[in-house]
Novice: 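Sharing a structure here in structure tokens format.
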Protein chains: 2
Amino acid sequence: MKVLIIEDDPLHRSYLHEAVSAALPECGTVIEAENGTVGEKLARDHKSAHIVMDLQMTSRNGIEAARTIWKERPETRILFWSNYSDEAYVRGVSRIVPDGAAYGYVLKSASDERLKLALRSIFIESQCVIDREVRGLQQKSLGQTKGFTDSEYEILVDIALGLTDRTISKRRGLSLRSVQNRLQQLYDKLDVYQSVGDDHEDGRFNLRARAVMVAFLRKLLNYSALERAEAELQEWLDGK
Amino acid sequence: MKVLIIEDDPLHRSYLHEAVSAALPECGTVIEAENGTVGEKLARDHKSAHIVMDLQMTSRNGIEAARTIWKERPETRILFWSNYSDEAYVRGVSRIVPDGAAYGYVLKSASDERLKLALRSIFIESQCVIDREVRGLQQKSLGQTKGFTDSEYEILVDIALGLTDRTISKRRGLSLRSVQNRLQQLYDKLDVYQSVGDDHEDGRFNLRARAVMVAFLRKLLNYSALERAEAELQEWLDGK
DNA sequence: CGCCGTCTTGCGTGAACCCGCAGCTTGTTG
DNA sequence: CAACAAGCTGCGGGTTCACGCAAGACGGCG
């Protein structure tokens, strides 16, 4: 059995190396990659079926790397080992995981025990292991309960990118009014209407910009999600 | 001599501990704090004059912690040890450093040698040590060359927070038109006018939202800066 | 089939935004 | 002092936004 480690930080990388060796004595070789780009390459070269990787790397985002890896070999098992449980990450991951694939999401703050347990569960037993904290978000975000619809999330990203209503309508194939409907719906859910002291109307926000801000503070958006969205946008702009 | 380490990540913390011991044999005791809050407290209790700390901690931001520490004892020497050289961080740090204080900014990607050298320079020689990469940003951001004025940065933050022109004008004591002047100036510098194919006008952006987006992509803004700005905003809103 | 909830679309209005033009106040420089 | 650059301000108008109102489209359910 071969395990590929994709992780930016040298300290974390060697820690992972050790943890993998300890948790999986049957593991013959452990390979290391220091960013997403070489990670993809090594995964291809070694046909490695077992990967532990960080999200948030400078060179190439973990989600990007995972997407191309899974595109080539959907049965690859990936354990995401991340510092954060931002809803943006969780949503990004669950958007790209292939049907029936075994994967995991463990926080770096988890104990050694939990990490090792997750390693065995995923790589040996082919089971999905999602950190409890992450799991909660996933329920909320995918289920409709209290969370955001895909269409709401979509338009949130679009205004964060700085598109006009008209441009959004073209991109998403909607009428101008529909776009604005979704925006209202988004403003509702994000609770942007706190006029603070409703006595005098001066304490008011620019709804569009404010929505992006609170989404960001709530970790619904983060840098990597926006970076990815920007790339998609440029692609679309080039295409037409 | 006592050294206080303030760092989220246990691995990085122990690495730092070791590096400090190796670089400063004359250092008697090394204290560790796992977030900004206890870091502040320990700094107060131990009257520790030498601090190494991370920016970007979950509990309490490094910049916040440094500010209160410096407010109490401006002669404290602080070495910031960070993963990133975002202009937002650099700007945030240089905004709070007291006159004549010795401090440093070293990236985590720096070699052991460089870290140890920086430790000695700052704590023994009272010299400022700024990583080369960071230094470049600092020049640009503080000097007027190619960078952003304080007033431009200020209004950038304000629209990122989601304030209306009117609210900004009240907050900053300007007329509505002046606010809009600064906005124009900001849009210029951020180069928001790329109408892509200028043949047909469809590829257009919402300038306000787009400005925030490109500033974010350029690391002019980041989470911690916005978090801080939001706190200040709430303070101001409560005040009146 | 008829009723109802959800989603989409068009129209119209008032507000906010973007910005050119022009007058005024500063601080700087020859 | 005159001249000039830089910043603040008011005015006016063209555009985009936010949103209420209302008319259709689609799918489930009795």
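Note: hydrogens, waters and symmetry copies are ignored here, and every other heavy atom, side chains too, is used. None of these values were measured; they are calculated from a predicted model. Within every chain, numbering begins at 1; the chains are lettered A, B, ... in the order of the sequence lines, protein sequences first and strands thereafter.
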Novice: Return the value, rounded to whole Å, for the distance between atom CG of A/Asn181 and atom P of D/dC19.
Specialist: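 After rounding, the gap between these two atoms is 11 Å.
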Novice: Restricting to non-hydrogen atoms, name the atom on B/Leu55 and the atom on B/Ser82 that form the minimum distance, rounded to 0.1 Å.
Specialist: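 Closest approach of B/Leu55 to B/Ser82: CD1-CB, 3.9 Å.
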Novice: Less than 4.0 angstrom between a side-chain N/O of B/Gln184 and OP1 or OP2 of C/dC17, yes or no?
Specialist: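 No, B/Gln184 has no side-chain N/O under 4.0 Å of OP1/OP2 on C/dC17.
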Novice: So, are A/Glu87 and A/Arg218 salt-bridged, with charged N and O less than 4.0 Å apart?
Specialist: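 No, no charged N to carboxylate O under 4.0 Å.
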Novice: If you compare every side-chain N and O of B/Tyr193 against the phosphate oxygens of C/dC18 (OP1, OP2), does one of them come in below 4.0 Å?
Specialist: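 Negative; the distance criterion is not met.
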Novice: Using whole Å, report how far CG of B/Leu183 lies from P of D/dC8.
Specialist: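 The distance from CG of B/Leu183 to P of D/dC8 comes to 12 Å, rounded to the nearest Å.
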Novice: List in numerical order all residues of residues 172-180 of chain A for which some heavy atom is under 4.0 Å away from an atom belonging to DNA chain D.
Specialist: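 Within residues 172-180 of chain A, the residues near DNA chain D are A/Arg177, A/Gln180.
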Novice: Could you tell me the separation between the CG atom of B/Leu186 and the P atom of C/dC19, rounded to a whole number of Å?
Specialist: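 Distance check: B/Leu186 CG to C/dC19 P gives 11 Å.
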Novice: State which of C/dC17, D/dG20, C/dC18 makes the closest approach to the side chain of B/Leu207.
Specialist: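 The listed nucleotide nearest to B/Leu207's side chain is C/dC18.
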Novice: Would you mind reading off the distance between A/Glu152 atom CD and C/dT8 atom P, rounded to a whole angstrom?
Specialist: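 Atom CD in A/Glu152 sits about 11 Å away from atom P in C/dT8.
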Novice: Does any non-hydrogen side-chain atom of A/Gln180 lie less than 4.5 Å from one of A/Gln185?
Specialist: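 Not in contact.
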Novice: Looking only at the side chains, is there a donor atom on one of B/Arg77 and B/Ser126 sitting less than 3.5 Å from an acceptor on the other?
Specialist: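 A donor-acceptor contact under 3.5 Å links the two side chains.
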Novice: Within this structure, what is the NZ-to-C1' distance between B/Lys170 and D/dT9, rounded to whole angstrom?
Specialist: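 It is 17 Å, rounded to the nearest whole Å.
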Novice: Using the ring centroid of each side chain, check whether B/Phe216 and A/Phe216 are separated by less than 6.0 Å.
Specialist: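 Yes: the rings meet the under 6.0 Å criterion.
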Novice: Please figure out whether B/Arg182 or B/Asn206 has its closest DNA chain D nucleotide nearer the 5' end.
Specialist: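 Mapping each residue to its closest nucleotide by heavy atoms, the 5'-most match is B/Arg182.
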Novice: Atom CD1 of B/Ile168 to atom C1' of C/dA16: distance rounded to whole Å?
Specialist: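 The answer, rounded to whole Å, is 12 Å.
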Novice: Quick one: A/Arg204 CZ to D/dA18 P, roughly how many Å, whole number?
Specialist: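 Distance check: A/Arg204 CZ to D/dA18 P gives 13 Å.
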Novice: Expressed as a whole number of angstroms, how long is the span from B/Asp165:CG to C/dA15:C1'?
Specialist: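 Going from B/Asp165 (CG) to C/dA15 (C1'), I get 12 Å.
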Novice: Are B/Lys219 and A/Tyr223 in a cation-pi setup, meaning NZ or CZ lies under 6.0 angstrom from the ring centre and within 45 degrees of the ring axis?
Specialist: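 So B/Lys219 does make the cation-pi contact.
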Novice: Output the single nucleotide from C/dA16, C/dC19, D/dC8 whose closest atom is nearest the side chain of B/Thr164.
Specialist: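 Between C/dA16, C/dC19, D/dC8, the one nearest the side chain of B/Thr164 would be C/dA16.
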Novice: Inspect the contact between B/Asp131 and B/Arg114 and indicate whether a charged nitrogen and a carboxylate oxygen are less than 4.0 angstrom apart.
Specialist: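 B/Asp131 and B/Arg114: salt-bridged.
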